[in-house]
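Data first, discussion second: the structure below is written as C-alpha cells.
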Amino acid sequence: MGAELIATTATKKVYRDGDKAIKVFNADFPKAEVLSEALITARVEETGGIHVPKVLEVSVFEGKWSITYEFIEGKTLKQLMDENPEKLPEYMDLMVDLHLNIMSKQCPLLNKLKDKMARQIGDIDELTDSIRYDMHTRLDGMPKHTKLCHGDFNPSNIIVKDDRTMYVLDWVHATQGNASADVARTYLLFCLQDQKRADMYIDAFCRKTGTAKKYVQSWLPIVATAQLSKKRPEEAELLQRWANVFEYQ
C-alpha cells in the first residue's frame, strides 16, 4: 500500500502506510530533536499503563529524518467533541481521567519540567532582567513533583478507537514534574480555541482531584512565559495576556 499524506505542519508531514504512520521532518529540522522525540516516546511507552503508539523505526525517508509509529485507527477526541457537542461534559470527564492516569505514572529518565521551564524563561530575549528574575523566583517557589507530564495534552493528541480505547500521541514535550503545571498548559491550549471548554476542563480537574483552582491558576503566568520561548505566532497574544508581566526592552 502506498504512503498517503494525512497531515502537514510547519515542520513535518505525516503519512500513513498501511498499519504504520510515518512522521517525516523538514530537511532543516535538527536531527537531535528527531532522536529525542523517539527516545522520549519509547521511554513513556515502556512506563506501561498508557496507550501510546509504538515507535517502530527511526530512519531517513526521501533524504529527510523520519520516525515510524504504529498507526492507530480512530477519531481524535477533538473530532468527537466537535461532532457531538451534547456529549461534551462526558468527553471532558474522559479526558481528565486520562490525564490523571498519565500523571499517576513516573518516568524518571525524562527531563525535569522545572529545569526545562527555567531554560525557556532564560531564552526569551524580550524579557527585562527584573521580569526574568521574578519568573525564575516564582518557578523556584513552586512545589517539586516527579509526575509524568505530557506537555501538549489536548484533544487533538488523543485518538479514540471504536472500542473507546484512548491513545495519546506526540510525547516530544514530555517531562517529569508538577501535575498542575501540565494542567495549566492544557488550559491555555483550550483557551486558544474555546474558553468554555477551557473552563470545563479546569473545573473537572479540580473537582476530581480536590485541587484548589487558584493553585492551578498560579502556574498560568509561569507556563505562559515559558511557552513564549517557542515563538508560536498563534499563541503569542494569549500567552502575553496570561503572563501579564511583560515590559519589552
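Start at 1 with the first residue, then count along the sequence.
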Practice prompt. Inspect the contact between Lys12 and Glu33 and indicate whether a charged nitrogen and a carboxylate oxygen are less than 4.0 angstrom apart.
Written response: no
Discussion item. When you measure from the side chain of Asn157 to the backbone of Asp152, do you find a donor-acceptor pair of N or O atoms at a distance under 3.5 Å?
Written reply: yes
Discussion item. Between Asp134 and Arg138, does any NZ, NE, NH1 or NH2 come within less than 4.0 Å of an OD or OE carboxylate oxygen?
Written reply: yes
Worksheet item: If only atom types and distance count, is the side chain of His150 paired as donor or acceptor with the main-chain N or O of Thr175 below 3.5 Å?
Response: no
Worksheet item: Is the Lys NZ or Arg CZ of Arg197 less than 6.0 Å from the centre of Phe190's six-membered ring, within 45° of the axis?
Response: no
Practice prompt. Give a yes or no on whether the backbone of Ser229 and the side-chain of Gln120 come within a donor-acceptor separation of less than 3.5 Å.
Written response: no
Fill in: Shared hydrophobic cluster, Ile72 / Val14 (ILVMFWY, side-chain heavy atoms < 4.5 Å)
no
Discussion item. Looking at Glu235 and Lys230, is there a salt bridge between them, counting it only when a charged N and a carboxylate O are closer than 4.0 Å?
Written reply: no
Practice prompt. Determine the interplanar angle of the Phe205 and Tyr201 rings, folded into 0 to 90°, and report it as parallel if under 30°, tilted if 30 to 60°, perpendicular if over 60°.
Written response: parallel
Fill in: SB check Glu45 Lys105 (cutoff 4.0 Å)
no
Practice prompt. Look at Arg16 together with Glu73 and state whether they make a salt bridge at an N to O cut-off of under 4.0 Å.
Written response: yes
Worksheet item: Below 4.0 angstrom, N of the basic side chain to O of the carboxylate: do Asp203 and Arg207 qualify?
Response: no
Worksheet item: Quick one: which of Gln176, Arg43, Glu46 gives a side-chain contact (heavy atoms from CB on, under 4.5 Å) with Leu109?
Response: Arg43
Discussion item. Donor-acceptor check, side chain of Asn26 to backbone of Asp28, threshold 3.5 angstrom: yes or no?
Written reply: no
Worksheet item: Is Asp125 salt-bridged to Arg132, going by a charged N under 4.0 Å from an acidic O?
Response: no
Worksheet item: Is the shortest distance from a Lys or Arg side-chain nitrogen in Glu37 or Lys23 to a carboxylate oxygen in the other one below 4.0 Å?
Response: yes
